[in-house]
Amino acid sequence: MSEINRAVKGTNDILPDKSYKYRFVENKMLETAELFGFKEIRVPVFEHTEVFSRNVGEDTDVVQKEMYTFEDKGGRSITLRPELTAGVVRSVIERGVINGALPAKVCYIGGCYRYEKPQAGRLREFHQFGVECFGAANPAADAEIIALARQILVTLGVKGISLKINSIGCEHCRKNYVAALKSYFEEYKDTLCGTCNGRLNRNPLRILDCKSPICSEIAAKAPLITDYLCDDCKAHFAAVKESLTAQGVMFDVDPHIVRGLDYYNRTVFEFVSGDIGAQSTVCGGGRYDGLVAKMGGNDTPALGFAIGIERLMMLLENTEAPFPEDKKCVLYVAAMGDKAQIKAGGVCAALRDDGIAAQCDLCGRGLKAQLKYADKIGAAYTTVLGDNELADGKVTVKDMKTGETYVCNINDISDKITDLSLKSALHSLEESVLTNG
Ligand code: ATP
Ligand code: MG
């Protein structure tokens, strides 16, 4: 197949046999966030480039290496969002969301674009579910959003995941830390990768997040931010830990977590899995108290997190987490002859009006082929319309699982199917209660 007929490198198609799983997961995430008061926000897939370059940070990998940036026909520099936080902050300032009741809590689902080396769990187009909370400086807010991320993962049946938290301090305590980092990395100046060499003077914190094995090895022994926290940041971090413990949320403090984006301060956290290989971080987040003011809004503390949906799906599939079954065709109306075919269309239309998934032949196939198709698509019930059924107005409905048949009037078919479906659902429920206790 020629290149142009193939999907672009690093992109994924979610096919009909799997899309229901994504929809289930996404609905669960939105519903769980709603329990905590988060409402969905939808923002554009692209923004002015500066929204990301200035705020995600000029020295981050995302901005230096990964952005899809282009000039539009009006000569503007546009970037496909590599993450959603910066665009959401732009939106809540511009549209006045943060001038209303605070804290303002929003959540989102959307595609993100990063020019990275594609591998398992690392795509060029991927999707994030995330939340942002504006106007809450209290450590209770940090604990609440961490608890929300955990509840989402637990609700979906994710297993084998651990929570790592850290505090990266505020602008005051970070000054001393950055100086200490600079003098530490200075000694390895000639060994650091080219990008990190450039970061040494501008933003040595970013070296801690470099993916190159040499830089990571050097960074592993660098001074730790936790030794440089000011009293306020220490107290804040202690209170976050205390609240998490009170809510029964288990965590490990990992002083090496700094997060890859510039806007974070104080609490940062990651949920990490041992089950999906090298790309093990499923969720990352933290506080970003300075970003709203930096982007032109009133000084508003804020925090949030994002879950990588593809990585989450890998985790759910690897651990065989339970998914509800996909919705199938309820009744397939097979037909013999032109008149019956027209009637089958009418029967399906009436069923669909009542909210019942119904299908009939669209290909001019014979009866045997129609029933074979009904079997392939997993229809729960079938019925056959022919001259006899049209003449006496009665049809036979067959339960494809049990083989049992039921006779009813054509006009009562919707009631009959509803009745049979209810009984069958009740029966499965009883069976599962009997087997599971
Ligand atoms: P990583 O360290 O794995 O590159 P990151 O720190 O760049 O992750 P964030 O910017 O915090 O990631 O994004 C939040 C989440 O989005 C990640 O924890 C991950 O689950 C997901 N994610 C990030 N980049 C990708 C990608 N290229 N492909 C798939 N998922 C991704
Ligand atoms: Mg990354």
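Since we're looking at a predicted model, the values are computed, not measured. We count ligands from 1, going down the list as the structure has it; atoms in each ligand are counted the same way.
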(message) Counting only heavy atoms closer than 4.0 Å, does ligand 1 sit against the backbone of Gln128, its side chain, both, or neither?
(response) side chain
(request) List the closest protein heavy-atom neighbour of atom 27 (N) of ligand 1: residue, atom name, distance to the nearest 0.1 Å. (result) Glu116 OE2, 2.6 Å
(request) Give a yes or no on whether a salt bridge exists between Lys21 and Asp326, defined as a side-chain N under 4.0 angstrom from a carboxylate O. (result) no
(request) Considering only non-hydrogen protein atoms, determine which one is nearest to atom 22 (N) of ligand 1 and report residue, atom name and distance to 0.1 Å. (result) Phe126 CE1, 3.4 Å
(request) Any atoms of ligand 1 less than 4.0 Å from a non-hydrogen atom of Val282? List them with their elements. (result) 18 (O), 20 (O)
(request) May I ask which of Arg114, Glu83, Arg259 has a heavy atom nearer to atom 10 (O) of ligand 1 than the others do? (result) Arg114
(request) For atom 28 (N) of ligand 1, find the nearest protein heavy atom and state the residue, atom name and distance (0.1 Å precision). (result) Leu123 N, 2.9 Å
(message) Given Thr281, Val268, Val258, Thr85, identify the one with the heavy atom nearest to atom 20 (O) of ligand 1.
(response) Thr281
(message) Looking only at the side chains, is there a donor atom on one of Asn265 and Asp289 sitting less than 3.5 Å from an acceptor on the other?
(response) yes
(message) I'd like to know if the side chain of Ser273 pairs up with that of Ser280 as donor and acceptor (distance under 3.5 Å, no hydrogens or angles considered).
(response) no
(message) Does this structure show an ion pair linking Asp399 with Lys401, if we count only N-O contacts that are shorter than 4.0 Å?
(response) no
(message) Can you tell me which portion of Val62 lies within the under-4.0 Å heavy-atom range of ligand 1? Options are side chain, backbone, both, or neither.
(response) neither
(message) Could you tell me, atom by atom, which parts of ligand 1 come under 4.0 Å of a heavy atom of Gly308?
(response) 15 (C), 16 (O), 20 (O), 21 (C)
(request) Would you kindly specify which portion of Arg122 sits under 4.0 Å from ligand 1, judged on non-hydrogen atoms: side chain, backbone, both or neither? (result) both
(request) Take every heavy atom of Glu310, measure it against each atom of ligand 1, and state whether any distance is under 4.0 Å. (result) no
(message) I want to know if ligand 1 touches Leu261 in the polar sense, i.e. an N/O pair below 3.5 angstrom.
(response) no
(request) Going by heavy-atom distance to atom 3 (O) of ligand 1, choose the closest among Arg311, Met314, Glu125, Lys211. (result) Arg311
(request) May I ask you to check whether Tyr115 and Tyr68 place their ring centers less than 6.0 Å from one another? (result) yes
(message) Once you measure the plane-to-plane angle for Tyr184 and Tyr188, does it fall in the parallel (<30°), tilted (30-60°) or perpendicular (>60°) bin?
(response) tilted
(message) Test of understanding: given a 4.0 Å heavy-atom threshold, classify the contact between Arg124 and ligand 1 as side chain, backbone, both, or neither.
(response) neither
(request) Kindly assign one of parallel, tilted or perpendicular to the pair Phe269 and Phe305, based on the angle between their ring planes and the thresholds 30° and 60°. (result) perpendicular
(request) Considering only NZ, NE, NH1 and NH2 on the basic side and carboxylate oxygens on the acidic side, decide whether Arg90 and Glu94 come within less than 4.0 Å. (result) yes
(message) Between Lys105 and Glu34 (salt bridge meaning N to carboxylate O under 4.0 Å), is one present in this structure?
(response) no
